[in-house]
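Numbered from 1 within each chain, the chains take letters A, B, ... in sequence-line order.
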There are 2 protein chains.
Amino acid sequence: MRILLIHSDYLKYKTRSKTRIAEKIDDEKKKGEFKDSLVVFTAVEKEDEKNPEGVVENAILEIKDILAKVGAKNVVIYPYAHLSSSLSSPDAAKKILQDMESRLDELDIPVGRAPFGWYKSFEVSCKGHPLSELSRTITAEKPEKKEEKPEEEKS
Amino acid sequence: MRILLIHSDYLKYKTRSKTRIAEKIDDEKKKGEFKDSLVVFTAVEKEDEKNPEGVVENAILEIKDILAKVGAKNVVIYPYAHLSSSLSSPDAAKKILQDMESRLDELDIPVGRAPFGWYKSFEVSCKGHPLSELSRTITAEKPEKKEEKPEEEKS
Ligand SMILES: [Mg+2]
């Protein structure tokens with residue numbers, strides 16, 4: 001799993017059109033707006049299908065850790081296929097994204113999730129402090145695999 | 001080179017703090033605002049150092065092609081290390097990003113570029129039509145290497 005975490009003043013999205021395997025959603029999920037959030041753009045990868053529970057658990061550890069550091073009020077899980085060129089099946093991705101949402105909810109962390117498999121318009125801000133944009137590769141094996149870019153390569 | 005292309009109603013950025021190898025910039029480059037743009041989030045990769053001219057040329061071909069399809073008014077080159085885990089040296093990245101800007105300018109395509117090596121706050125919108133979010137891997141060898149996600153995996 002590849003994730004890009006953005007500490008954001010706001011994220012808004014609106015569904016525009018379905019793809020063939022669009023997640024079935026209620027009308028109220030067709031748009032969303034979240035303030036002061038850690039937005040977790042997420043690409044579920046083929047590799048993750050071997051041990052989805054392990055990947056979800058390690059993703060949650062990482063998200064909790066960063067959430068504590070940046071002090072955002074909410075987490076938003078946002079499916080983002082463009083972060084990987086080795087994607088899982090759509091069904092595996094949907095399940096993992098939903099499980100991430102459930103786990104955060106169980107931990108009483110306010111969480112939203114944008115629907116999978118829809119073309120969406122969105123608006124997002126990034127606060128711009130040094131921890132406001134981070135990316136990680138999450139595996140089932142290790143609690144977390146740091147992939148901090150050297151400072152000089154950040155941009 | 002990995003690029004993520006977003007057809008955007010607006011992109012705004014503001015520099016917040018320097019990293020050690022921040023590009024030297026004039027005050028007017030410390031913030032920027034662009035309307036109706038194709039924003040090209042760009043990670044220059046180690047591989048690109050072998051033939052930077054070839055990579056730039058192929059990136060420009062790809063950008064021109066997508067620009068014509070979506071009909072945006074401007075291109076904005078936005079350095080984005082988080083798209084790759086195999087980054088080039090910062091110097092190679094700066095040179096390639098600057099060359100992309102120059103090439104587009106030579107072609108009379110209105111182009112902006114966000115500075116390299118700064119922490120920046122930003123706000124961006126994505127229009128949400130099917131071509132408004134695309135990602136590509138650009139190499140020096142081929143004019144373009146399509147990496148379209150299957151429709152069902154888009155999200
Ligand atoms: Mg950046």
Side-chain angles (χ1 to χ4, degrees), chain A residues 2-6 8-10 12-17 19-23 41-44 78-85 87-90 93-94 97 114-137 147 149-155, chain B residues 2-6 8-10 12-17 19-23 41-44 78-85 87-90 93-94 97 114-137 147 149-155:
Chain A
R2 286 281 303 167
I3 57 177
L4 169 67
L5 306 106
I6 305 256
S8 181
D9 285 319
Y10 64 86
K12 304 176 205 179
Y13 75 82
K14 210 175 274 184
T15 55
R16 292 293 174 179
S17 53
T19 65
R20 272 179 302 147
I21 55 88
E23 182 179 355
F41 292 96
T42 306
V44 180
Y78 201 102
Y80 216 74
H82 296 293
L83 297 176
S84 174
S85 40
L87 295 173
S88 73
S89 75
K94 268 187 274 190
L97 295 162
F116 180 89
W118 292 75
Y119 293 113
K120 298 180 284 293
S121 59
F122 66 81
E123 295 173 75
V124 68
S125 77
C126 171
K127 283 175 175 278
H129 62 73
L131 294 178
S132 63
E133 275 177 88
L134 300 167
S135 52
R136 296 284 188 267
T137 300
E147 265 209 13
K149 313 284 182 201
E151 193 189 55
E152 61 269 36
E153 290 173 337
K154 285 248 178 87
S155 50
Chain B
R2 286 282 301 168
I3 57 176
L4 169 66
L5 308 105
I6 305 256
S8 181
D9 285 318
Y10 64 86
K12 303 176 207 179
Y13 75 82
K14 209 176 275 187
T15 55
R16 293 294 174 178
S17 54
T19 65
R20 271 179 302 147
I21 54 86
E23 183 180 354
F41 292 96
T42 306
V44 180
Y78 201 103
Y80 216 72
H82 296 293
L83 297 176
S84 173
S85 41
L87 294 173
S88 74
S89 75
K94 269 187 276 191
L97 294 163
F116 179 89
W118 293 74
Y119 292 113
K120 297 180 284 294
S121 60
F122 66 81
E123 295 173 75
V124 66
S125 77
C126 171
K127 284 176 175 276
H129 61 74
L131 294 179
S132 64
E133 275 177 88
L134 300 168
S135 52
R136 297 283 188 269
T137 299
E147 265 207 17
K149 314 281 181 202
E151 193 189 55
E152 61 268 39
E153 290 172 337
K154 283 252 178 85
S155 49

> Should we count NZ of A:K127 as having more than 12 external heavy atoms under 6.0 Å?
Replying inline: yes

>> Heavy-atom pairs under 4.5 Å with chain A - which of B:S125, B:S121, B:A114 has more of them than the others?
In response: B:S121

>> Among B:G128, B:A93, B:S132, which residue has the highest count of heavy-atom pairs closer than 4.5 Å to chain A?
In response: B:G128

> Judged by atom type as modelled, is there a donor-acceptor pair below 3.5 Å linking the side chain of A:S8 to the main-chain atoms of A:C126?
Replying inline: no

> How are the rings of A:F41 and A:Y78 set relative to one another: parallel (under 30°), tilted (30 to 60°) or perpendicular (over 60°)?
Replying inline: tilted

>> Counting only non-hydrogen atoms closer than 4.5 Å, does A:Y10 touch chain B with its backbone (N, CA, C, O), its side chain (CB onward), both, or neither?
In response: side chain

> Distance from B:L83 atom CG to A:L4 atom CG, nearest 0.5 Å?
Replying inline: 8.0 Å

